[in-house]
Amino acid sequence: MPKTKKQAAPLFGSPTFVATFADGEVTRMTVFGTPDDVDVERAKRLARYAYESRTKKTPPAFLKAHFEQAGVVFRAYSAVELEDEQEDAEPLAEERGAPQ
């Protein structure tokens, strides 16, 4: 029987937010939503928390990021698009005076 080309699997499950920070550190966070309805602000916040948890340092700026699902990138962001006002950002544990 001849081999047939496999069809691409449909996208399912929550998307993954892959963030690259200015120091080269990369975090991957599953964020509830669909490709048509993603919450980039929540994803950025979770990525910062993951960075802080892993490195025990305050996260630097984002270099780039994207949402992917089943290995398919469906939305990408540049550093400029990810930029936000640091003073408006929720303070991280280190900034709140958490034990180090």
Neighbour count >12 (heavy atoms, 6.0 Å) for atom CZ, Arg75: yes
Closest non-hydrogen atoms of Phe62 and Lys44, given as atom of the first, atom of the second and distance, are CZ-O, 3.6 Å
Do Val40 and Met29 share a hydrophobic cluster, counting only Ile, Leu, Val, Met, Phe, Trp and Tyr and linking them when any side-chain heavy atoms are less than 4.5 Å apart? yes
Could you tell me whether the side chain of Glu81 and the main chain of Ser78 form a donor-acceptor pair under 3.5 Å? yes
Is Leu82 reachable from Phe21 through a run of I, L, V, M, F, W or Y residues, each pair having side-chain heavy atoms under 4.5 Å apart? yes
One should read off an interatomic distance between Arg48 CZ and Thr27 OG1, to the nearest 0.5 angstrom, of 10.5 Å
Heavy-atom pair with the smallest gap, counting every atom of Ala19 and Ala65: CA-CB, 3.9 Å
Rounded to the nearest 0.5 Å, what separates atom OG1 in Thr20 from atom NE2 in His66? 8.0 Å
Separation of Phe74 CZ from Glu68 CD (nearest 0.5 Å): 9.0 Å
Going by side-chain contact (heavy atoms from CB on, under 4.5 Å), name the residues that satisfy it together with Ala43, two or more places apart in sequence or in a different chain. Phe17, Val31, Phe67
Honestly curious: do Tyr77 and Val18 fall in one hydrophobic cluster under the side-chain, below-4.5 Å linking rule? no
Output all residues satisfying salt bridge (Lys or Arg N to Asp or Glu O under 4.0 Å) with Arg54, sequence neighbours left out; order by chain, then residue number. Glu25
